[in-house]
There are 2 protein chains.
Amino acid sequence: MPSRGSNRLSGQSNDQGEGTPVAAAPKRRRVGKVEIATDLRNQIVRGDLGEGDQLPTEAALIDRYGTSRNTVREGLAILVGEGLVVAKRPHGYFVRDGHRMEYRPQSDLTVRPDDVPKDVFLTELADAGRTPTQTIDVAIVRPPADVAARLGLSDDEHAVVRRRVRFLEGAPYMTNDSYFPLTLAQGTAIMSPEDIARGANRVLADAGHVQVRAVDEFTIRMPTPDEQHRLALGPGTPVARQFTTGYDRHGKALRVAITILPGDRHTIVIDRPGLPDPEAEPS
Amino acid sequence: MPSRGSNRLSGQSNDQGEGTPVAAAPKRRRVGKVEIATDLRNQIVRGDLGEGDQLPTEAALIDRYGTSRNTVREGLAILVGEGLVVAKRPHGYFVRDGHRMEYRPQSDLTVRPDDVPKDVFLTELADAGRTPTQTIDVAIVRPPADVAARLGLSDDEHAVVRRRVRFLEGAPYMTNDSYFPLTLAQGTAIMSPEDIARGANRVLADAGHVQVRAVDEFTIRMPTPDEQHRLALGPGTPVARQFTTGYDRHGKALRVAITILPGDRHTIVIDRPGLPDPEAEPS
DNA sequence: CAGTGGTCTAGACCACACC
DNA sequence: GTGTGGTCTAGACCACTGG
């Protein structure tokens, strides 16, 4: 394949791509996994292979590149690791779908007026013709250390956790584990493994604990085996772990939520109206 | 109430691991890549192997598990793909470092008073004893389709892009490519590949284009080969691609910035003070 | 039953950093 | 040199799904 093209407009970080040394002289490079991956990747980004299209089978690639099966598989593994391609067991390799839904964290966390007990997930999506569902289970636990620290709980204090898995069209969409200090949640609707139409924050607010501020911490990483399982994640699918801490007006933490968002299903949108100016650009 | 709450069938946490069926009977499972990965992963999460520690060499693992070298390598590849482990070429496999720096988009995005042209990246970090540096290059380009769409540019219109790579202690930290409509940036300091102490937004504001709102879109995915190269990313390192669009008071897009944040180096922190206090004023 | 990818073995040669 | 991981070959058997 001569189409080593790349050639970016105007001097830029070109040259990448190869993955292996530059090789100033076009020395008859043996075809290896990198070449196979690069070749197939180019076909995908160029659009020769569109989303959902099937790649050639391993056997066909062995044929085309004249390498051993392992080398072909390693080349494919590169693309799988990049999240570009997925192997569907006895059918073949396919180009992955790039479609993502919008996820707006603030919608979930803003306390709403009593007369608008809207559940963004369940109602808005249903309105849009989707079929959202969710499972909820509730437990009293010793919270993980990072949760305990943010809730200001000591080692022997307990928390209530509401674990939710949300699905769209039957496919896992995100998980959300919300922790509340047991002292706050005790005896409220939070303890019940049912949907809380008005929202858990409303429940707390009615009890005098009004959340007025929230801090989100997003960590980007590969999923744990646990998360891969709960969310049915394919290989090469990273997640965002959103750690939300809600505070009342005195700075006391009322709630910590851990949301796991599969990278292949979401775009996280944060609208910042009124904020004069993005990027004061340093430098 | 067991702190372990999950009665759920598989799906749940718990020492998954097998990767294969339940195996009600402790049938002498052959040791495969999954078992090797699980075993080593457990040692890491339990702390038997701490950050920076070296794992046994491949040869030692072949010995320990009695499998072929390829199987051992596949087991290790699982951990590498999870971002838990990194192979340092002729030295061995090591447990990766979990430290992440805070990244606060809003700090970068708020317009500051003219007399405080503080560069968050260059000054704050320097104050903290770190040594931040950056490279800048400027080009006039046809913006990518998604950028052009947000800037409201037609196919034949051009944009100015300021491409920055920021380093900390010499290691790449993030990239930031900011696009401006050529008509706005023409003849301003934005065209110069120098640091703009007061910030590009200030430059635009001084020209009458005041940015009053910004929208961030975060996409979580595996890096392209290009990004792997620019940011010196190890395998198993996902990135967040932050797409920031800044608008003036008329809703006209002034700027689009694409920031690539390596997942292993950042925690993205978003502080949301002043959430509506329902007691105070609904809606 | 045929064809796909998934797993594993056994062996070989290479590049590279360190002693 | 020695030992590390990186790459590649050649062949084998398995599990699953669809025709």
Side-chain angles (χ1 to χ4, degrees), chain A residues 18-24 27-40 52-81 84-96 225 228 232 234-236, chain B residues 17-23 27-40 49 52-81 84-96 225 228 234-236:
Chain A
E18 251 42 26
T20 10
V22 279
K27 190 59 178 301
R28 207 197 141 315
R29 275 193 63 63
R30 199 173 74 275
V31 172
K33 61 174 181 179
V34 175
E35 287 71 30
I36 295 175
T38 303
D39 190 23
L40 292 173
D53 284 359
Q54 178 170 6
L55 274 67
T57 65
E58 292 182 353
L61 294 173
I62 292 168
D63 230 43
R64 174 189 302 182
Y65 297 108
T67 68
S68 74
R69 188 180 167 209
N70 258 334
T71 301
V72 162
R73 283 178 58 78
E74 283 170 358
L76 289 165
I78 291 175
L79 301 182
V80 170
L84 282 179
V85 157
V86 64
K88 298 186 179 177
R89 223 338 183 132
H91 300 298
Y93 292 86
F94 296 83
V95 180
R96 276 180 78 161
Q228 289 176 33
Chain B
E18 247 42 25
T20 10
V22 282
K27 192 60 177 302
R28 239 188 113 331
R29 273 193 64 64
R30 199 174 77 276
V31 172
K33 61 174 182 179
V34 175
E35 286 72 30
I36 296 176
T38 303
D39 191 22
L40 292 172
L49 287 167
D53 284 358
Q54 178 170 7
L55 275 66
T57 64
E58 292 183 353
L61 294 173
I62 292 168
D63 231 43
R64 174 188 303 182
Y65 297 108
T67 68
S68 73
R69 188 181 169 210
N70 258 333
T71 301
V72 162
R73 283 178 58 77
E74 283 170 359
L76 289 165
I78 291 174
L79 301 181
V80 170
L84 282 179
V85 157
V86 63
K88 298 186 179 178
R89 202 22 154 114
H91 300 296
Y93 292 86
F94 296 82
V95 180
R96 277 181 79 163
Q228 290 176 32

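Remember, predicted model here, so these are calculated numbers, not experimental data. Just so it is clear: chains get the letters A, B, ... in the order the sequence lines come, proteins before strands, and each one is counted from 1.
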Does the side chain of [X] get closer than 4.0 angstrom to OP1 or OP2 of [N] through an N or O atom?
| X | N | value |
| --- | --- | --- |
| B:Tyr93 | D:dG6 | yes |
| A:Lys88 | C:dG5 | no |
| A:Thr71 | D:dT7 | no |

All N/O pairs under 3.5 Å across the protein-nucleotides 16-19 of chain C interface:
residue, atom, partner, partner atom, Å
C:dA17, O3', B:His91, NE2, 3.4

Any residue meeting side chain to side chain contact (heavy atoms under 4.5 Å, CB included) with [X], in chain and number order, not counting sequence neighbours:
| X | value |
| --- | --- |
| B:Ile62 | B:Arg69, B:Val72 |
| A:Ala60 | A:Pro56, A:Thr57 |
| B:Asp39 | B:Gln43, B:Arg64, B:Tyr65 |

Give the rounded distance in Å between these two atoms: [atom1] of [X] and [atom2] of [N].
| X | N | atom1 | atom2 | answer |
| --- | --- | --- | --- | --- |
| A:Ile36 | D:dG6 | CD1 | P | 18 Å |
| A:Ile62 | C:dG6 | CD1 | P | 13 Å |
| A:Glu74 | C:dT7 | CD | P | 14 Å |
| A:Phe94 | C:dG5 | CZ | P | 9 Å |
| A:Leu76 | D:dT7 | CG | P | 15 Å |
| B:Asp63 | C:dT9 | CG | P | 14 Å |
| B:Tyr65 | C:dC8 | OH | P | 13 Å |

Return the minimal non-hydrogen interatomic distance between [X] and [Y], and the atom names on each side.
| X | Y | answer |
| --- | --- | --- |
| A:Gly32 | A:Thr71 | C-CG2, 3.9 Å |
| A:Leu55 | A:Phe94 | CD1-C, 4.0 Å |
| A:Ala37 | A:Gly75 | CB-O, 3.5 Å |

- Message: As a test of understanding, state which of A:Ile78, A:Val31, A:Leu79 forms a side chain to side chain contact (heavy atoms under 4.5 Å, CB included) with A:Ile36.
- Response: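 Among A:Ile78, A:Val31, A:Leu79, the one that satisfies the side chain to side chain contact (heavy atoms under 4.5 Å, CB included) with A:Ile36 is A:Val31.
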
How many angstroms lie between [atom1] in [X] and [atom2] in [Y], if you round to the nearest 0.5 Å?
| X | Y | atom1 | atom2 | value |
| --- | --- | --- | --- | --- |
| B:Glu58 | B:Asn70 | CD | CG | 9.5 Å |
| B:Leu61 | B:Arg73 | CG | CZ | 11.5 Å |
| B:Leu40 | B:Leu49 | CG | CG | 7.5 Å |

- Task: Scan residues 53-61 of chain A against DNA chain C and write down, sorted by residue number, each residue with any heavy atom closer than 4.0 Å; if none is found, say none.
- Result: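 The stretch gives A:Thr57, A:Glu58 as the residues lying under 4.0 Å from the strand, ordered by number.
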
- Query: In degrees rounded to 10°, what angle is found between the helical axes fit to the five outermost pairs at each end of the helix from C:dC1-D:dG18 to C:dC18-D:dG1?
  - Reply: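 Computed angle between terminal axes is 10°.
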
- Okay, side chain of A:Gln54, backbone of A:His91: is any donor-acceptor separation there less than 3.5 Å?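 Checking the backbone N and O of A:His91 against the side chain of A:Gln54, a donor-acceptor pair under 3.5 Å is found.
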
- Residue pairs, two or more places apart or on separate chains, that pass salt bridge (Lys or Arg N to Asp or Glu O under 4.0 Å) and touch residues 85-96 of chain A: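 Counting only pairs at least two positions apart or across chains, the salt bridge (Lys or Arg N to Asp or Glu O under 4.0 Å) contacts touching residues 85-96 of chain A are A:Arg96-A:Asp264.
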
What does the list of N/O pairs under 3.5 Å between the protein and nucleotides 10-13 of chain C look like, with a distance for each?
residue, atom, partner, partner atom, Å
C:dA10, N6, B:Asn70, ND2, 2.9
C:dA12, N6, B:Arg69, NH1, 3.0

- Task: Looking only at side-chain atoms of B:Ala87, point me to the closest of C:dT9, D:dC8, D:dG6.
- Result: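 In terms of side-chain proximity for B:Ala87, the closest of C:dT9, D:dC8, D:dG6 is D:dG6.
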
- Task: Test side chain to side chain contact (heavy atoms under 4.5 Å, CB included) on B:Leu84 and B:Val95 and set out the steps.
- Result: CA-CA 6 Å; B:Leu84 282 179; B:Val95 180; over 6 Å; no

